[in-house]
Participant: 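To start, I am sharing the structure in question, which I have written as structure tokens.
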There are 2 protein chains.
Amino acid sequence: MSEKARGRPRAYDPEVALWQALETFWANGFSRTSLDALAAATGMNRPSLYAAFGDKKSLYLKSFECFAGQLHAALDNAAHSEAPLEATLRDFYRDAIEIYMSGPDGPRGCFIICTAPAEAAMDADIRAALKAALAEIDKGLEVPFAKAKAEGRLPPDADTAALARLAASVLHSLAVRARAGETKEALHALARQTVQSLC
Amino acid sequence: MSEKARGRPRAYDPEVALWQALETFWANGFSRTSLDALAAATGMNRPSLYAAFGDKKSLYLKSFECFAGQLHAALDNAAHSEAPLEATLRDFYRDAIEIYMSGPDGPRGCFIICTAPAEAAMDADIRAALKAALAEIDKGLEVPFAKAKAEGRLPPDADTAALARLAASVLHSLAVRARAGETKEALHALARQTVQSLC
DNA sequence: ATGATTTTTTGCGAATTGGTACAAAAATGT
DNA sequence: ACATTTTTGTACCAATTCGCAAAAAATCAT
């Protein structure tokens, strides 16, 4: 894999720099994040940032995809769970809440749900990325519902796609509520009621 | 009411100017909206804007409260509805979707849900306004659930506060989904499933 | 008319924005 | 050693940002 590095070696690992940029966008949103802030967060100077990731929006979209990758892993985890639907959904929400409530300067919610919508109305690229991410959540959550239906643990006429979209909607709200400052207990109660109402 | 106007009369109606500013924030979010854009939208020049509404954040918060007033009216409407819970909730979602999908340049979702979270992590004032607005939605939607429970149309052990928060969560998601470009039919289907699952 | 009062208008200014040109630095290959 | 290659660092640019000071305009009171 690693060929001989030809020129001057990179002073920073692109992967960790991308994650540091992601954290900055996550806390401040796209428009409020300056290139200076990104440079400070990554320890890189602006030209290096530009060479490595392109312009500001390109870096935001790369951060977006990085976060979407984490999300994809969590959805895959839920999709391949052997546990019953109730437990799968409960654990999925529990893990999400843990992430949404974490953060060095207080709860940050979800990178995607909390930073993309503000830009989505006027920026077609961010809107497309957001729409795709929402669709992936919907699709990913449908798997455990479809499984439960196939096993007869849901009514035969249950619309698993619609139920998954409803379950995803609660995830969106958890993200916003966490960032608004609701308590972890309030979020868990919402997750509990959701599991009870949908399973 | 109208006392004798002392000095030079105002060239613009503060109420319509506030609404025009709101529309600008709604489309672009807080950080992406410049004072120049606000001045262009309202037809006022910057010092007049400043004299009438204070600085940029103050104007945003006034716009926020203006939108929250509309929201409050919709919640009041639902709270005082004589119709059964299913119809009340269905109509509430229908009206919301209508607003979320409207907009001169495409769907804008909800002013509060789509513009406040991005700023909420780093701005305590906006975070507080967002948290209060979310709480008002939760409280407002609890009324029809509590009514239905009192009339025996919900199980006696139903947690109406938790159900209302779940119903509110779908509203949040509808706002994001609309702004992401989902179709009106998809949103209505989500609302339909929600009514079915919760009532 | 004249003065008082309020708003609008013009223009400014200090700071920040995203983005880039260019030279110095640090590695490899010959 | 010397040239090549890639990245870093410094400095800069044009444009935009928010906010304000000061003058001009439009009304009312006398």
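Order of the sequence lines fixes the chain letters, A, B, ..., with proteins taken first and strands second; residue numbering starts at 1 for each chain. For the numbers below, each heavy atom of this structure counts, side chains included, while hydrogens, waters and symmetry mates do not.
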Participant: Measure CG/A:Asp13 against C1'/D:dT7 and give the value in whole Å, please.
Facilitator: 15 Å
Participant: Does OP1 or OP2 of C:dT7 have a side-chain N or O of B:Arg10 closer than 4.0 Å?
Facilitator: yes
Participant: Apply ring pair (Phe, Tyr, Trp, His ring centres under 6.0 Å) to A:Phe53 and list each qualifying residue two or more places apart in sequence or on a separate chain.
Facilitator: none
Participant: Check A:Glu142 with A:Arg165, please: is the shortest side-chain N to carboxylate O separation under 4.0 Å?
Facilitator: no
Participant: Atom CZ of B:Arg32 and atom P of D:dT17: how far apart are they, to the nearest Å?
Facilitator: 12 Å
Participant: It should be established whether A:Tyr50 places a side-chain nitrogen or oxygen under 4.0 Å from OP1 or OP2 of nucleotide C:dG18.
Facilitator: no
Participant: Can you tell me how far P of C:dA21 sits from CG of A:Asn45, to the nearest Å?
Facilitator: 16 Å
Participant: Does D:dT16 have OP1 or OP2 under 4.0 Å away from a side-chain N or O of B:Ser34?
Facilitator: no
Participant: Side chain of A:Asp55, heavy atoms from C-beta onward: which of C:dG19, C:dT9, D:dT17 has the nearest atom to it?
Facilitator: C:dG19
Participant: Between B:Gly7 and B:Arg46, name the one whose nearest nucleotide on DNA chain C is closer to the 5' end.
Facilitator: B:Gly7
Participant: Whole Å only: how far is the CZ atom of B:Phe30 from the P atom of D:dT17?
Facilitator: 13 Å
Participant: Starting at CG of A:Leu49 and ending at P of D:dT7, how long is that distance when rounded to a whole Å?
Facilitator: 14 Å
Participant: Which residue, B:Pro9 or B:Ser31, contacts DNA chain D at a nucleotide closer to its 5' end, judged by nearest heavy atom?
Facilitator: B:Ser31
Participant: Any side-chain N or O of A:Ser48 under 4.0 Å from OP1/OP2 of D:dT8?
Facilitator: yes
Participant: Starting at CG of A:Leu35 and ending at C1' of C:dG18, how long is that distance when rounded to a whole Å?
Facilitator: 5 Å
Participant: Are B:Phe111 and B:Tyr60 an aromatic pair by the rule of ring centers under 6.0 Å?
Facilitator: yes
Participant: If I take atom CZ in residue B:Arg6 and atom P in nucleotide C:dT8, what distance separates them, rounded to the nearest angstrom?
Facilitator: 17 Å
